[in-house]
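Below is one structure, written out as structure tokens; the observations come after it.
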There are 2 protein chains.
Amino acid sequence: MPDEEGAANLAVAKSEELTAKLRRRGGAATIYDIAELAGVNPSTVSRALSKPGRISAATEAKIRAAADQLNFRFNPMARALPTGRSHTLALVVADITNPVVFGIVRGAEQAASAAGYTLVIAESQESGEAEAEAIERLMPSVDGLVMATTRLSDERIVDIAGRKPVVLINRAVDSVRGVLPDIESGVIELLAHLTELGHRSIVYLAGPETSWISDRRFEHMLEASERLGLGLVEIGPNAPTIDGGRAALRRVIAARATAAIAFNDLMAIGLMQAAADAGVVVPGQLSVSGFDDIFGSELISPPLTTVRAQLVEAGERAVTDLLATLAGETDKSSSPLLTTSLIVRGSTGIVPQPDNATAR
Amino acid sequence: MPDEEGAANLAVAKSEELTAKLRRRGGAATIYDIAELAGVNPSTVSRALSKPGRISAATEAKIRAAADQLNFRFNPMARALPTGRSHTLALVVADITNPVVFGIVRGAEQAASAAGYTLVIAESQESGEAEAEAIERLMPSVDGLVMATTRLSDERIVDIAGRKPVVLINRAVDSVRGVLPDIESGVIELLAHLTELGHRSIVYLAGPETSWISDRRFEHMLEASERLGLGLVEIGPNAPTIDGGRAALRRVIAARATAAIAFNDLMAIGLMQAAADAGVVVPGQLSVSGFDDIFGSELISPPLTTVRAQLVEAGERAVTDLLATLAGETDKSSSPLLTTSLIVRGSTGIVPQPDNATAR
DNA sequence: TTGTAGGCGTTATCAG
DNA sequence: CTGATAACGCCTACAA
């Protein structure tokens with residue numbers, strides 16, 4: 001078959017000429033290159049590669065061959081232009097170094113890359129404005145966003161959600177999709193645990209002012225406290241950090257509570273450190289508990305009793321939901337609550353007897 | 001000035017018509033819209049906005065006004081096409097949940113966004129292939145990459161670096177830029193500390209097989225051990241995780257060393273946990289130390305003695321260097337070593353007396 | 001200083 | 001089933 005051979009030779013020749021050209025611009029082949037190599041029209045290459053099956057098997061094979069001979073990759077940027085879809089998602093978090101977000105990041109990353117999407121994570125560290133700015137900067141280049149520990153107002157979130165699909169994590173805003181933990185059951189479980197240990201006077205260290213979930217938690221605690229007839233006071237807002245927890249010790253002690261529930265583990269840890277510094281023994285004089293079960297919670301001594309959240313799942317599901325609405329799914333219903341579970345460790349214990357109670 | 005007023009009215013009118021159009025496509029204005037609004041040519045808008053100053057002050061002002069009236073943002077994708085620059089950098093790490101990378105991520109993120117760049121972080125969890133795949137997938141859409149805890153071979157790295165600018169963190173490869181810690185001084189300091197405590201027999205828990213830095217550390221330990229005349233044995237490779245550390249306990253004990261140096265804090269923590277489980281008291285019977293000073297190291301009890309690395313700086317500098325080479329800087333010299341410092345805490349103590357030594 | 005025109009890599013619409 | 005051809009939003013010579 002001289003004809004085929006001829007074609008083969010030709011292909012090889014072209015290939016050589018091409019590889020030279022490619023090397024010059026960094027090895028990035030375009031559909032034109034592979035069209036030339038395969039002897040077809042660029043548009044055919046595009047079709048063959050982006051919607052396999054809708055094309056003659058023969059040509060498709062030829063094109064495929066050429067494609068991975070040049071080891072071709074679509075240029076996502078070029079692709080995004082006509083389609084308007086960048087295949088990129090933004091994950092907005094307030095503080096990357098907060099262990100809580102690790103799980104979320106990982107889950108989101110996995111789900112995203114499993115779907116062939118790229119995840120860019122935006123940290124806002126600073127409050128409000130910085131976050132809004134970061135979002136605006138990213139908006140044009142993403143198809144949608146997952147917002148995790150956002151400090152934005154509801155209005156602002158709604159505004160953003162009006163422009164691109166948004167999924168919230170740990171926050172509910174009307175008409176915006178969100179993945180939420182089963183707040184109530186976790187709180188109930190924790191309170192039951194403390195009650196069982198004899199605590200009748202509990203203090204809740206609230207999170208930052210803008211924390212929706214902190215409010216919800218306290219809400220449920222209030223309900224439960226009424227039902228169980230126990231004393232409950234909220235202290236806050238506090239920074240959701242170790243220092244935030246440390247700073248709250250004085251007020252916790254002043255409140256004469258026997259047990260403290262912190263908005264998150266970071267704060268709980270800070271509180272325990274401050275307690276240790278002040279000679280208050282945990283859980284002997286004060287029981288401490290937190291939320292999240294972050295790395296470090298079981299390392300500290302005594303190990304922290306905490307309510308574990310399914311962070312990885314949260315990230316995963318947020319991305320999955322986002323992708324779904326991106327795919328035109330109509331069912332805007334938020335996904336089911338993520339289950340939550342109490343992890344009892346050493347930082348909570350039976351209520352101190354009056355004679356050896358905190359201070360006098 | 002009826003003229004100006006007329007122009008203003010016109011502008012307003014157009015603006016209304018435009019905003020309608022914009023809303024329809026998600027609020028994204030283009031330079032065409034603002035050109036129309038300002039009554040100039042799109043190319044003028046492009047110039048005015050991308051290279052301020054090279055244009056008449058009057059038109060520029062007019063354009064600026066129009067631009068933020070429509071609150072315009074460049075479409076990065078569209079921009080990337082003609083210029084070939086996406087203003088996006090990739091940060092490649094093996095495991096996001098490894099606390100070591102937090103610092104790096106944060107530093108890199110800061111430096112990147114400070115320069116107006118977007119950082120996409122790629123996790124490879126799985127070994128080699130997955131990482132290579134992730135990189136290939138990202139390559140077309142980034143201007144350069146920072147590779148942090150890569151498991152790739154030198155060859156592969158060189159190959160990648162040949163296609164796009166690369167900066168390595170904690171790894172040196174010929175002709176590839178890298179930011180490295182001052183390995184030697186950290187090791188020396190640590191060894192001096194242990195020697196001072198009376199330890200003469202030390203074991204090093206190596207990191208994963210592909211860890212360049214683990215090898216370098218051991219190299220320096222070897223040198224020092226010869227100089228100081230102390231016993232040193234390397235155990236490994238090990239997974240750079242808590243479990244990796246746990247799994248190594250038996251061999252550490254078998255080695256009859258009085259002090260263990262782990263490749264990183266995660267492993268050190270695992271080792272301590274296993275020791276506690278086995279009734280080996282730290283530092284009474286065994287001194288333990290690590291590297292990195294991650295979150296959790298000072299939480300655990302006893303708190304971990306460790307060599308702190310400047311992770312945030314590493315991330316920051318990597319991006320800065322990358323940006324510099326992107327900007328055509330010729331000086332390929334790697335940046336100066338990041339200083340390192342020994343943090344002495346409770347997990348290292350004086351060498352046990354023979355009579356209360358480990359095991360028998 | 002500003003407008004004109006062509007191109008960046010891909011998709012999508014229309015013919016053929 | 002496949003080939004032209006016009007977008008997509010922006011940049012950049014080149015011309016005016």
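Residue numbering restarts at 1 for every chain, and letters A, B, ... go by the order of the sequence lines.
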Of the nucleotides [options], which has the atom closest to the [X] side chain?
X: B:Y32; options: D:dC10, C:dT2, D:dC1; answer: D:dC10
X: A:L81; options: C:dT10, D:dC11, C:dG9; answer: C:dG9
X: A:R47; options: C:dG3, D:dT12, D:dA4; answer: D:dA4
X: A:N41; options: D:dG3, C:dG9, D:dC1; answer: D:dG3
X: A:T44; options: D:dG3, C:dT10, D:dC11; answer: D:dG3
X: B:V40; options: D:dC11, C:dA12, C:dG3; answer: C:dG3
X: B:P82; options: C:dT10, D:dC10, D:dG3; answer: D:dC10

Discussion item. Check this for me: does any side-chain nitrogen of one of B:R156 and B:E129 sit under 4.0 Å from a carboxylate oxygen of the other?
Written reply: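 Between B:E129 and B:R156 there is a salt bridge, with a charged N closer than 4.0 Å to a carboxylate O.
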Discussion item. Under a 4.0 Å threshold between the charged nitrogen and the carboxylate oxygen, would A:K51 count as salt-bridged to A:E60?
Written reply: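 Salt bridge: no.
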At under 4.0 Å, does any side-chain N or O of [X] touch on OP1 or OP2 of [N]?
X: A:S46; N: C:dA12; answer: no
X: B:R79; N: D:dC11; answer: yes
X: A:S56; N: D:dT2; answer: yes
X: B:S43; N: C:dT2; answer: no
X: B:K51; N: D:dT12; answer: yes

Separation of atom [atom1] in [X] from atom [atom2] in [N], rounded to whole Å:
X: B:H87; N: D:dC11; atom1: NE2; atom2: C1'; result: 12 Å
X: A:M77; N: D:dC10; atom1: CE; atom2: P; result: 15 Å
X: B:L49; N: C:dT2; atom1: CG; atom2: P; result: 13 Å
X: B:R85; N: C:dC8; atom1: CZ; atom2: P; result: 18 Å
X: A:I34; N: C:dG9; atom1: CD1; atom2: C1'; result: 13 Å

Worksheet item: Can you find a pair of side-chain heavy atoms, one from A:V146 and one from A:V166, that are under 4.5 Å apart?
Response: no
Item to complete: Please tell me if the side chains of A:D154 and A:R171 come closer than 4.5 Å, counting only heavy atoms from C-beta onward.
Response: yes
Worksheet item: Without hydrogens or angle criteria, can the side chains of B:T59 and B:S56 be said to hold a donor-acceptor pair below 3.5 Å?
Response: yes
Discussion item. Between A:N75 and B:I55, which residue's closest nucleotide on DNA chain C lies nearer the 5′ terminus?
Written reply: B:I55
Discussion item. Counting the atoms with a prime plus P, OP1 and OP2 as sugar-phosphate, which does A:I31 contact under 4.0 Å by heavy atoms, base, sugar-phosphate, or nothing?
Written reply: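 The residue A:I31 makes base contact.
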